[in-house]
Peer 1: 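One structure, pasted below without further comment.
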Amino acid sequence: MERFINILVIDNNPINIDGLRAMLLGSGNNLIFCEDEASALPILEKRRVGIILINIQSKAVNGFELLQRLKSNPNSKDAYKIVISESTSSGVRLVKGFKEGAVDYISSPFNPNLVKAKIEVFKTLYFKDLRISQLLENIFPMNILKDLNTIGKFSPRKVEEGVVLFTDFIAFTKAAKKLKPMELLRELEGYFTKFDEITDRYKLEKIKTIGDSYMALAGVTETNDNPAVRATLAAIEIRNYMLNRKALAKATRTEAWDIRIGIHTGPLVAGVIGSKKISFDVWGDTVNIAARAEQNSVENNITITADVAKLVHPYFDITHRGEIKLKFGSFVDMYFVDQLKTENSLFNEGKLPNRALRLKCELPAMDFENTRTFIINKLKSALPDELDYHNLKHTLNVEKSAQRIAALEGVTGEDWIILRTAILFHDSGFIVRYEDNENFGIQMAKNELPKFGYSQEQIETITGIILATNKNNRPQTLLEKIMCDADHDYLGRADYHNVAKTLRNEFENYGKNLTDLEWIDFQLEYLENKHQFYTETAKNIRQRSKSQRIQELKKMRSKCL
């Protein structure tokens, strides 16, 4: 499996630079060269770097001061710093480098095998660190992790208006008896994974699952506006997902589960508990009342308390259901949530929030996840069967390649969403025509994207990205360059010949038959004379392999003569 990493080299010695480029380029290493600290800092502001090589003897940079500053930069503080020094350098300088945060050194002139071995060791350590960080982020909220990393603990905190959401499956015990343990686990995993996606989309924090019960919070670990509205939006989407699953099960004559959901808001205490197996949790009557609301809900319905209803009634159609008795004799007024008010919903369907409501909740104005679902379903159902290459699999592979390049180039946030959107609509024109299909894809994007909250300015950017791959155009912006490089990422991959074969099959499906020699010449003409990678990242990680593919094709050509 390919592993991609940014390696920053701060050195102005051309011999060192040429040597490192020859030794390390390829194999997932994205080498970024800077002559001094001034040119390195903008890179570190934008990109996450895994390994940093610093020439401590360079007159253009004070390596020891730079090592100190790198400790506080969020994109470099966890990077492995390696110092470069001449083999005659004194041990005192190396020791000082280690004190300032360096983990190893390499001597120049370089020993290629030793340098490559050391880089591979620290790459392995970097990806292990990354995996550990990802696991911790799945266990703890980000503000908890920040406190644990900086001060080593998280003190209990009182939250005045936290929102607690509970779900559980109705008659779960009865349903569980019909399934084998592994089948039951897969079913639960499928449901809870979808719940995770939904709660994450609305900036909720999943706390835990207890058997078949699922618990999430809003307004406790994040600062987005309208936590009660966001929790109710998540509840509606969970409920509708369950109804869709039930309808599908009925059509296929399989089993389906029913759900009930409860939400309450009020004061609670949040904290970390445990000494060996620590966990984040919340306590207080708010949690108990939310659980009671869920227990007193009914099949595939959402029950909210009066405190939640006061906050969400301007945006949702709700129905009063009366008072519900709590465990200790008191009563709480409760309501059913029916749907979003049509004026606040996408397509006026009462299911998903429109752009205005998303902005009120400090959510991205673009509803990318539902945009993605829409276009993937469109491609899956409408692309011609003759498209062996330009099919849905190709679109998803381009999206995956773009994710790698964008991560290494430091593209995040709205720019990443816009790029992914352009990629998903890029080949939609093949639904209508094979040649010059980009304009149809652009028209579809212009027609559909406003419904999902995209602005005209964003749609124009997406249009430019789609057009960038036209053979008569040349990409200008970074997003356009990433689009072009991701679209042709396979030209520099080991699976090139397998992918190219699907393109040849597609040509034949559309009446373009080539002999073996003509097909090889077609590929060589494109790879040698027409195609180029545009981003430095793609050049670093794919150009060498692309050159190998060219040499392989030339050998194949000589055998055909």
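Treat the numbers as computed from the prediction; the structure is a model and nothing was measured.
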Peer 1: Would you say T303 and R321 are linked by a side-chain donor-acceptor pair, where the criterion is simply a distance under 3.5 Å?
Peer 2: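 Yes, a side-chain donor-acceptor pair sits under 3.5 Å.
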Peer 1: Is any side-chain heavy atom of R292 closer than 4.5 Å to one of N296?
Peer 2: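 When only atoms from C-beta onward are counted, R292 and N296 do touch, with a gap below 4.5 Å.
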Peer 1: Among side-chain atoms of Y454 and E448, is any donor-acceptor pair under 3.5 angstrom?
Peer 2: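 Result is no, nothing qualifies.
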Peer 1: Among side-chain atoms of E349 and Q339, is any donor-acceptor pair under 3.5 angstrom?
Peer 2: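 Distance-only check fails for E349 and Q339.
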Peer 1: State, without any angle test, whether H320 and D333 hold a side-chain donor-acceptor pair at a distance under 3.5 Å.
Peer 2: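 Per modelled atom types, H320 and D333 side chains form a pair under 3.5 Å.
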Peer 1: Please confirm whether F347 and F452 have ring centers closer than 6.0 angstrom.
Peer 2: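 Ring centroids of F347 and F452 are less than 6.0 Å from each other.
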Peer 1: Quick check against the 3.5 Å criterion: does R47 have a side-chain atom that pairs as donor or acceptor with the backbone of L408?
Peer 2: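 Yes.
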Peer 1: Could you give me the CA-CA distance, side-chain angles and deciding distance for K206 and F195, then say whether side-chain contact (heavy atoms from CB on, under 4.5 Å) is met?
Peer 2: CA-CA 9 Å; K206 171 190 171 182; F195 295 178; over 6 Å; no
Peer 1: Looking only at the side chains, is there a donor atom on one of S455 and Q458 sitting less than 3.5 Å from an acceptor on the other?
Peer 2: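 On atom types as modelled, these side chains qualify, holding a pair under 3.5 Å.
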Peer 1: Any non-hydrogen side-chain atom of S279 less than 4.5 Å from a side-chain atom of V272?
Peer 2: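 The answer is no, as the side chains (C-beta and beyond) never meet within the 4.5 Å cut-off.
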Peer 1: So, taking the atom named OG1 in T305 and the one named NE2 in H264, what distance separates them when rounded to the nearest 0.5 Å?
Peer 2: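 It comes to 4.5 Å.
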Peer 1: Answer whether the closest heavy-atom distance between the side chains of N354 and S345 falls below 4.5 Å.
Peer 2: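 No; the side chains remain at least 4.5 Å from each other.
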Peer 1: Check whether any side-chain heavy atom of L387 sits under 4.5 Å from a side-chain heavy atom of Y434, and report yes or no.
Peer 2: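 A side-chain contact exists here, since the closest heavy-atom pair is under 4.5 Å.
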Peer 1: So, T537 and T535: side-chain donor and acceptor under 3.5 Å apart, yes or no?
Peer 2: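 Result is no, nothing qualifies.
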Peer 1: Would you compute the distance between atom CE of M215 and atom CD of E294 and round it to the nearest 0.5 angstrom?
Peer 2: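 Reported to 0.5 Å precision, the distance equals 11.5 Å.
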Peer 1: Between K246 and E255, is there a salt bridge with N-O shorter than 4.0 Å?
Peer 2: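 Looking at E255 and K246, the cut-off is not met.
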Peer 1: Find out whether K341 and Y315 are in side-chain contact, i.e. whether some heavy atom of one side chain is under 4.5 Å from a heavy atom of the other.
Peer 2: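 Counting from C-beta outward, K341 and Y315 never come under 4.5 Å.
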Peer 1: Between the side chain of D485 and the main-chain N/O of Y534, is any donor-acceptor distance below 3.5 Å?
Peer 2: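 Such a contact is found between D485 side chain and Y534 backbone.
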Peer 1: Check whether the side chains of D487 and T469 place a donor and an acceptor atom closer than 3.5 Å, and report yes or no.
Peer 2: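 No.
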Peer 1: Does the side chain of N447 pick up a donor-acceptor pair with the side chain of Q443 at under 3.5 Å?
Peer 2: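 The answer is yes; a qualifying pair exists.
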Peer 1: Taking atom CD of E438 and atom NE2 of H426, what is their separation to the nearest 0.5 Å?
Peer 2: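 Separation between the atoms: 5.5 Å.
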Peer 1: Considering only heavy atoms from C-beta outward, does the side chain of Y335 approach that of F316 to under 4.5 Å?
Peer 2: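 A side-chain contact under 4.5 Å is absent here.
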Peer 1: Salt bridge or not for E369 and R372, using N-O below 4.0 Å?
Peer 2: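 Here E369 does not pair with R372 in a salt bridge, since their nearest N and O are not under 4.0 Å apart.
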Peer 1: Does the pair E189/R186 count as a salt bridge with the N-to-O cut at 4.0 Å?
Peer 2: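 No.
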Peer 1: So, the side chain of N226 versus the backbone of V229: is there a donor-acceptor pair under 3.5 Å, distance only?
Peer 2: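 No, the answer is negative, given that no donor and acceptor are paired below the 3.5 Å cut-off.
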Peer 1: Checking side-chain polar atoms at under 3.5 Å, does T265 have a donor or acceptor matched by the opposite partner on E161?
Peer 2: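 Short answer, no.
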Peer 1: So, D258 side chain and I170 main chain: donor-acceptor pair closer than 3.5 Å or not?
Peer 2: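 Not confirmed, D258 side chain does not pair with I170 backbone.
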Peer 1: Would T199 and Y214 count as having a side-chain donor-acceptor pair, cut-off 3.5 Å?
Peer 2: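 Present: a donor and an acceptor within the cut-off.
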Peer 1: I'd like to know if the side chain of T286 and the backbone of L268 have a donor-acceptor N/O pair within less than 3.5 Å.
Peer 2: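 Flag not set: sc T286 to bb L268 has no pair under 3.5 Å.
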Peer 1: Within 45 degrees of the axis of the six-membered ring of Y126 and under 6.0 Å from its centre: does R3 put its NZ or CZ there?
Peer 2: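 So R3 doesn't make the cation-pi contact.
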Peer 1: Evaluate the side-chain proximity of I238 to I259: yes if any heavy-atom separation is below 4.5 Å, no if none is.
Peer 2: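 In contact.
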